Enquirer: 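Next up is a structure, given as structure tokens.
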Amino acid sequence: MVALNKQLDMRRGVLYSIRKWRKQGLFGFSAPDLWVKLSLMSKNLPNIDEVTGPNRPAWASPRRDFLRSLGGGFGLFACSALDRLAYCQPPVGSKPRRIGDVDPLKPHAPRIPHFAARAKSVIFLFMVGGPSQIDTFDYKPQLDRLDGKPVPGSIRDALNATRHANVFHGCDDVIFKSPFSFQQYGESGMWISELMPHTAKHADQLCFIHSMQADSNNHAPASYQLHTGDVRAGKASLGSWVTYGLGTESEDLPGYVVLFDAGPLGGSANYTNGFLPPAFQPTRFRSTLPPLHHLVPQPGFVQGQTQSLSLLKELNELHRQQYPNAMELDARIATYELAYRMQASAMQVGSIDQEPQHIHKLYGIDSPEARTQSFSRKCLLARRLVERGVRFVQVYDMPDKDGWDAHAKLVENHRPRAQWTDIGVAGLLADLRQSGLLDTTLVVWASEFGRTPMKQGDLGRQHNAAGFTIWMAGGGIRPGLRIGSTDEIGLMATQRPVQFRDLHATILTALGIDYEHLSYEVSGRDERITGVAGSAQPLMDILT
């Protein structure tokens, strides 16, 4: 009780000082100056929040509640000035906002990158379920010679000595050669499977990374890691990080859009804003009109909509004055404003049918196959979004519950999925290039992992997080390159293994973001999508 009484005396002293400062013209001090004064006075203040049980006095309350009661809430204001400095309004005539300096009522306003950006936007094409790298982009002629034989002992021993030894689980110790033929394309001589004839035409624009690795061999954790940097759900996705850092160049559209029919394995934790402010959660668009549900108001509400929104904004602003640090309220106010502006802009961007017929043919939208049409429309919508300033567009290929997850009947699984997606991806690359957008748009084609060269079940393949392939194009990426490699059967990355955090660091660097300084404090710890400081290594040699 002696310590508690001492703490009460100290808090009374702080209250007395605040009142004294106010009488002497406290408002001449800046918020940081005030916080310094408060910090110096309470440097060794006991933590009353740790006092529980019958000895806890009635006046004892959490520190923020205590600060809220001081000087009409001025103590909490000082604390907020430190904790949420990024949410302060800039002075009139100030320079444009930098990364992390976010206006709560205009959270998507564009911000200055740390350094000159190579790319302005990202289109991330996610192939859900794990397409096989050795049947698409990682040509391994040794598989033909070893077909039907056990995995070579040297390769087995090397893999068993790593954290990826579990890739042997659930599959036969029998090599299964690729049932698809490969051919070299372009001046770069890239080996590409017959599954991707349209993408192959753009071989010289692609940069392949053949040595990707994931930490998990299960769909959801590996997918979470690719999207958020962590195998656990609840972290912020790459799209949220990018829009938190840079905002967007579009005033009338969201900064972060996701496009899918069926969601990715693991659900919304793949693309959520996590611990970042709610304003940086994605908006799901559809590839058919209207692009958003409930976008168009009912006829009876059109006349009074402007007045209703004005009243709602005024009431929200009054409520916000009582809770200056309520991010959910800030996000709600900003969302209402954006939703109102999107009634016209979203309908316009979603009007894909207005594109000329040759563009429809380029993307394969005129295909008789419904699933080809669906994915191709998403690719075209992605182009229409980035050309209007949207910062990050995530396109999911998940037409059914299985995706590319070919545990059996590899040919029956991969061939149709390649046909559904190949022409749309190729059309996107061609369209971006002919419009000049490829120079500023970074396109990523990836999945959560690849598949084993060993057979599983009825001519299928098991998950393989030990070594797989992705590719990138445009947005400051050097074309016609191949980075890293797997062993002779395509099982494990042996040359220059690349982790997802390295991929994230590369993408952020292309966007002009210093990945080490793009962070957000959570429970006293700086969170980054690239993990602990110093752990990521961007692939600088693939950047122009």
Side-chain angles (χ1 to χ4, degrees), residues 119-128 196-202 205-206 239 248-250 252-262 271 282-293 295 342 344-399 417-446 471-475:
K120 293 182 178 180
S121 56
V122 177
I123 297 177
F124 201 114
L125 306 170
F126 186 71
M127 305 293 112
V128 181
M196 306 291 182
H198 298 284
T199 301
K201 298 176 183 178
H202 303 277
Q205 298 300 316
L206 308 181
T248 179
E249 294 185 338
S250 174
D252 302 326
L253 290 168
Y256 176 22
V257 173
V258 294
L259 300 167
F260 60 82
D261 292 328
Y271 49 82
T283 300
R284 181 186 173 187
F285 270 46
R286 302 186 304 167
S287 57
T288 57
L289 290 177
L292 285 85
H293 289 294
L295 179 64
M342 278 202 302
S345 58
M347 288 294 291
Q348 182 183 24
V349 74
S351 300
I352 292 174
D353 294 336
Q354 296 180 1
E355 292 281 347
Q357 189 59 37
H358 74 273
I359 293 295
H360 282 225
K361 185 175 181 179
L362 179 66
Y363 281 85
I365 295 175
D366 57 352
S367 169
E369 170 56 55
R371 289 181 173 178
T372 301
Q373 292 180 24
S374 177
F375 186 79
S376 295
R377 291 179 69 89
K378 293 180 181 64
C379 290
L380 177 53
L381 182 55
R383 187 270 289 169
R384 290 172 63 87
L385 287 165
V386 297
E387 75 178 348
R388 287 164 172 79
V390 174
R391 186 72 69 183
F392 199 101
V393 182
Q394 183 97 41
V395 181
Y396 290 101
D397 168 42
M398 186 64 175
R417 281 163 180 77
Q419 292 174 349
W420 299 336
T421 60
D422 179 42
I423 189 171
V425 171
L428 174 63
L429 292 172
D431 198 10
L432 290 172
R433 188 179 182 187
Q434 70 185 10
S435 64
L437 285 170
L438 191 60
D439 295 336
T440 57
T441 304
L442 175 57
V443 181
V444 183
W445 186 100
W471 59 256
M472 306 168 74

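None of these values were measured; they are calculated from a predicted model. Just the heavy atoms: all of them, side chains too, but no hydrogens, waters or symmetry mates, feed the values below.
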Enquirer: Evaluate side chain to side chain contact (heavy atoms under 4.5 Å, CB included) for Q357 paired with D366, printing each intermediate quantity in order.
Expert: CA-CA 9 Å; Q357 189 59 37; D366 57 352; 4.3 Å; yes
Enquirer: Just by modelled atom types, is the G424 backbone N or O under 3.5 Å from a matching donor or acceptor in the H198 side chain?
Expert: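 Not at all, since once roles are kept as given, no pair shorter than 3.5 Å links the two residues.
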Enquirer: How long is the straight-line distance from CD of Q373 back to CG of L380, given to the nearest 0.5 Å?
Expert: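 Reported to 0.5 Å precision, the distance equals 13.0 Å.
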Enquirer: Could you tell me whether the side chain of L442 reaches within less than 4.5 Å of the side chain of M472, counting heavy atoms only?
Expert: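 M472 vs L442: side chains touch.
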Enquirer: Just by distance, do the side chain of R391 and the backbone of K120 share a donor-acceptor pair under 3.5 Å?
Expert: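 A pair under 3.5 Å: yes.
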Enquirer: Which heavy atom in Q434 sits nearest to a heavy atom in L362, and how many Å separate them?
Expert: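 Minimum heavy-atom contact is NE2-CD2, 4.2 Å.
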Enquirer: Could you check whether any side-chain N or O of S374 sits under 3.5 Å from a backbone N or O of A370, counting only pairs where one atom can act as donor and the other as acceptor?
Expert: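 Checked: no pair found.
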Enquirer: Roughly how far, to the nearest 0.5 Å, is the CD1 atom of I123 from the CG atom of L428?
Expert: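 Going from CG on L428 over to CD1 on I123, the span is 4.5 Å.
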Enquirer: For S287 and L381, work out which heavy atoms get closest and say how close.
Expert: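 Scanning both residues completely, I find the closest heavy atoms to be CA-CD2, 4.1 Å.
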Enquirer: Are there over 12 heavy-atom neighbours, none belonging to R284, within less than 6.0 Å of that residue's CZ?
Expert: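 Atom CZ in R284 is packed in, count exceeds 12.
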Enquirer: Between R384 (side chain only) and Q348 (backbone N and O only), is there a donor and an acceptor less than 3.5 Å apart?
Expert: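 Yes; judged by distance alone, with no hydrogens or angles, the pair exists.
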Enquirer: On a heavy-atom basis, which atom in G364 and which in T372 lie closest, and how many Å separate them?
Expert: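 Taking every non-hydrogen atom into account, O-CG2, 3.8 Å.
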Enquirer: Only counting residues at least two apart or in another chain, list the ones meeting salt bridge (Lys or Arg N to Asp or Glu O under 4.0 Å) with E249.
Expert: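 In terms of salt bridge (Lys or Arg N to Asp or Glu O under 4.0 Å), with neighbours along the sequence ignored, E249 is linked to no residue.
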Enquirer: Using the rule ring pair (Phe, Tyr, Trp, His ring centres under 6.0 Å), only one of F126, Y256, F124, F260 pairs with Y271; which is it?
Expert: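 Result: among F126, Y256, F124, F260, F260 is the only option passing the ring pair (Phe, Tyr, Trp, His ring centres under 6.0 Å) with Y271.
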Enquirer: Hey, does V349 have a side-chain heavy atom less than 4.5 Å from the side chain of F285?
Expert: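 Touching, per the 4.5 Å side-chain cut-off.
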Enquirer: Could you give me the CA-CA distance, side-chain angles and deciding distance for I352 and Y363, then say whether side chain to side chain contact (heavy atoms under 4.5 Å, CB included) is met?
Expert: CA-CA 11 Å; I352 292 174; Y363 281 85; over 6 Å; no
Enquirer: Take R377 and D353, measure what side chain to side chain contact (heavy atoms under 4.5 Å, CB included) needs, and give me the verdict at the end.
Expert: CA-CA 10 Å; R377 291 179 69 89; D353 294 336; 3.3 Å; yes
Enquirer: Kindly compute the distance separating CG (L432) from CD (E387), expressed to the nearest 0.5 Å.
Expert: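 If I round to the nearest 0.5 Å, the distance is 9.0 Å.
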Enquirer: Any side-chain heavy atom of V443 within less than 4.5 Å of one from L438?
Expert: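 They are in side-chain contact.
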Enquirer: Write down the atom of C379, the atom of L125, and the distance for their closest heavy-atom approach.
Expert: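 Minimum heavy-atom contact is SG-CD2, 4.5 Å.
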Enquirer: Within the structure provided, determine whether I423 and F375 are in side-chain contact (heavy-atom separation under 4.5 Å).
Expert: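 The answer is no, as the side chains (C-beta and beyond) never meet within the 4.5 Å cut-off.
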Enquirer: Flag the pair D261 and K378 as a salt bridge only when some basic side-chain nitrogen lies within less than 4.0 angstrom of an acidic carboxylate oxygen.
Expert: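 A salt bridge links D261 with K378.
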Enquirer: Taking the side chain as every heavy atom from C-beta outward, state whether L429 and Q205 have any atom pair closer than 4.5 Å.
Expert: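 A side-chain contact under 4.5 Å is absent here.
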Enquirer: Please name the pair of heavy atoms, one in L253 and one in T248, separated by the smallest distance, quoted to 0.1 Å.
Expert: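 That closest heavy-atom pairing would be O-CG2, 4.4 Å.
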Enquirer: Closest heavy-atom contact between P282 and V258?
Expert: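 Answer, listing the atom of P282 first, then V258: CB-CG1, 3.8 Å.
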Enquirer: Would you check if V390 and S121 make a side-chain contact, meaning some heavy-atom pair closer than 4.5 Å?
Expert: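 Of all side-chain heavy-atom pairs linking S121 with V390, none is under 4.5 Å.
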Enquirer: Are side-chain heavy atoms of L206 and W445 found at a separation under 4.5 Å?
Expert: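 No, side chains not in contact.
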